[in-house]
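Notes for the one structure printed next.
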Amino acid sequence: MNLPTTPSFSLKNKRALIAGASSGIGLACAVALAEYGAFVTIAARRSQKLEELCISLKSRGISPEFVELDVSKTDRTIEIINQLDPFDILVNSAGIAKHSLALETKETDFDDVISVNFKGAYFLTMAVAKRLILAKKSGSLINISSQMGLVGGQERAVYSATKHAVEGFTKSMAIELGGSNIRVN
């Protein structure tokens, strides 16, 4: 009988960028990817949190790089990505929420949430994908969504809209980039 073989879970020699790594899902992904052998670059807006995280990770034998990155600043995000070697893996976990009733949403809150959760995620994914294509490398680009990407919720209209948008562009980019051996999920 021929038994199936289990694929390797080793990420040795893979470079991973985790945006939104200073807490929550991004932090957990950074630790998991590093534990499976990836060289991780942690990114977030708060450099002090990243410095503290680096110290904690080093105590566990993980030596990450970190970059202060505010994905809502598109030009700066693209500039940073273009200065770094291509990443094999992107975990796009940066996100914010400003809850309010739909009829009471402030335009500034709307703009802030859209700029990080949708626009920031879109252009970061695009920038990392372009670098992979130029380097003729395959990759895995992961955008963190939410159950709110599938359903709505009270006081979640803007947040839900951004997560619906992430679901949509992720599916479209997956179709477009699949031929270049770049997975987008």
Side-chain angles (χ1 to χ4, degrees), residues 7-45 64-67 69-97 113-152 158-185:
S8 170
F9 289 109
S10 173
L11 297 175
K12 187 176 181 186
N13 299 320
K14 300 292 184 184
R15 290 176 37 80
L17 173 63
I18 300 89
S22 62
S23 63
I25 294 170
L27 173 58
C29 289
V31 171
L33 290 166
E35 286 179 347
Y36 279 99
F39 177 75
V40 297
T41 299
I42 55 175
R45 292 178 294 173
E65 284 187 348
F66 80 89
V67 61
L69 180 68
D70 180 347
V71 298
S72 71
K73 311 289 188 227
T74 304
D75 290 342
R76 182 70 180 131
T77 295
I78 293 169
E79 179 183 327
I80 289 169
I81 296 305
N82 287 338
Q83 291 173 356
L84 300 170
D85 290 336
F87 292 99
D88 304 286
I89 302 163
L90 167 65
V91 176
N92 205 343
S93 185
I96 62 170
V113 176
I114 292 285
S115 290
V116 173
N117 296 4
F118 175 44
K119 186 179 88 170
Y122 186 96
F123 285 101
L124 177 59
T125 303
M126 182 188 79
V128 171
K130 281 184 174 184
R131 295 284 290 141
L132 285 168
I133 289 169
L134 284 172
K136 296 181 178 10
K137 293 181 75 174
S138 63
S140 180
L141 312 180
I142 303 159
N143 292 309
I144 303 298
S145 184
S146 165
Q147 70 173 349
M148 292 294 149
L150 303 173
V151 299
V158 178
Y159 181 82
S160 182
T162 65
K163 294 306 180 176
H164 274 75
V166 167
E167 300 271 340
F169 87 71
T170 297
K171 291 171 186 174
S172 293
M173 283 189 183
I175 293 165
E176 289 181 24
L177 298 172
S180 298
N181 285 326
I182 299 171
R183 293 181 316 279
V184 187
N185 297 290

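For the numbers below, each heavy atom of this structure counts, side chains included, while hydrogens, waters and symmetry mates do not.
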Worksheet entry | Euclidean distance, I25 CD1 relative to I18 CD1, rounded to 0.5 Å | 13.5 Å
Discussion item. Just so I know, are the side chains of E167 and H164 near enough to count as touching, which here means a heavy-atom distance under 4.5 Å?
Written reply: no
Worksheet item: NZ of K119: more than 12 outside heavy atoms within 6.0 angstrom?
Response: yes
Worksheet, complete the sentence: Heavy-atom nearest pair, N143 first then T125, reads OD1-OG1, 3.0 Å
Practice prompt. Kindly check if the number of other-residue, nucleotide or ligand heavy atoms within 6.0 Å of OH (Y122) is above 12?
Written response: no
Worksheet entry | Under the salt bridge (Lys or Arg N to Asp or Glu O under 4.0 Å) test, residues paired with K137 that sit two or more places apart | D88
Fill in: Set of salt bridge (Lys or Arg N to Asp or Glu O under 4.0 Å) partners for R183, sequence neighbours left out
none
Discussion item. I'd like to know if the side chain of R131 reaches the main chain of F87, judged simply by a donor and an acceptor atom lying under 3.5 Å from each other, with no hydrogens or angles considered.
Written reply: no
Item to complete: Looking only at non-hydrogen atoms, find the nearest pair between A129 and I182 and report the distance.
Response: O-CD1, 4.0 Å
Discussion item. I'd like to know whether L177 forms a side chain to side chain contact (heavy atoms under 4.5 Å, CB included) with L132, so could you lay out the CA-CA distance, the side-chain angles of the two residues, the decisive distance to 0.1 Å, and finally the verdict.
Written reply: CA-CA 10 Å; L177 298 172; L132 285 168; over 6 Å; no
Worksheet entry | Shortest non-hydrogen contact from V116 toward S72 | CG2-CB, 3.9 Å
Discussion item. To check you understand the geometry: which heavy-atom pair defines the closest contact between S93 and G26, and what is its length?
Written reply: OG-N, 3.2 Å
Worksheet item: Should K130 and I78 be marked as a side chain to side chain contact (heavy atoms under 4.5 Å, CB included) after you check the CA-CA gap, both sets of side-chain angles, and the distance that decides it?
Response: CA-CA 10 Å; K130 281 184 174 184; I78 293 169; over 6 Å; no
Worksheet, complete the sentence: Closest heavy-atom pair, Y159 versus A97, reported as atoms and distance to 0.1 Å, is CD1-CB, 3.7 Å
Worksheet item: For the atom pair CG (D70) and OG1 (T77), what is the distance rounded to the nearest 0.5 Å?
Response: 6.5 Å
Worksheet, complete the sentence: The complete set of ring pair (Phe, Tyr, Trp, His ring centres under 6.0 Å) pairs with one or both residues in residues 12-40, sequence neighbours excluded, reads none
Item to complete: Start with the C-alpha distance between M148 and N117, add both sets of side-chain angles, then the distance that settles side chain to side chain contact (heavy atoms under 4.5 Å, CB included), and finish with yes or no.
Response: CA-CA 12 Å; M148 292 294 149; N117 296 4; over 6 Å; no
Worksheet entry | Nearest-0.5 Å distance that lies between atom CG in N92 and atom SG in C29 | 11.0 Å
Discussion item. Could you walk me through whether L17 and L84 satisfy the side chain to side chain contact (heavy atoms under 4.5 Å, CB included) test, starting with their C-alpha distance in whole Å, then the side-chain angles of each, then the deciding distance to 0.1 Å, before giving a yes or no?
Written reply: CA-CA 10 Å; L17 173 63; L84 300 170; 5.8 Å; no
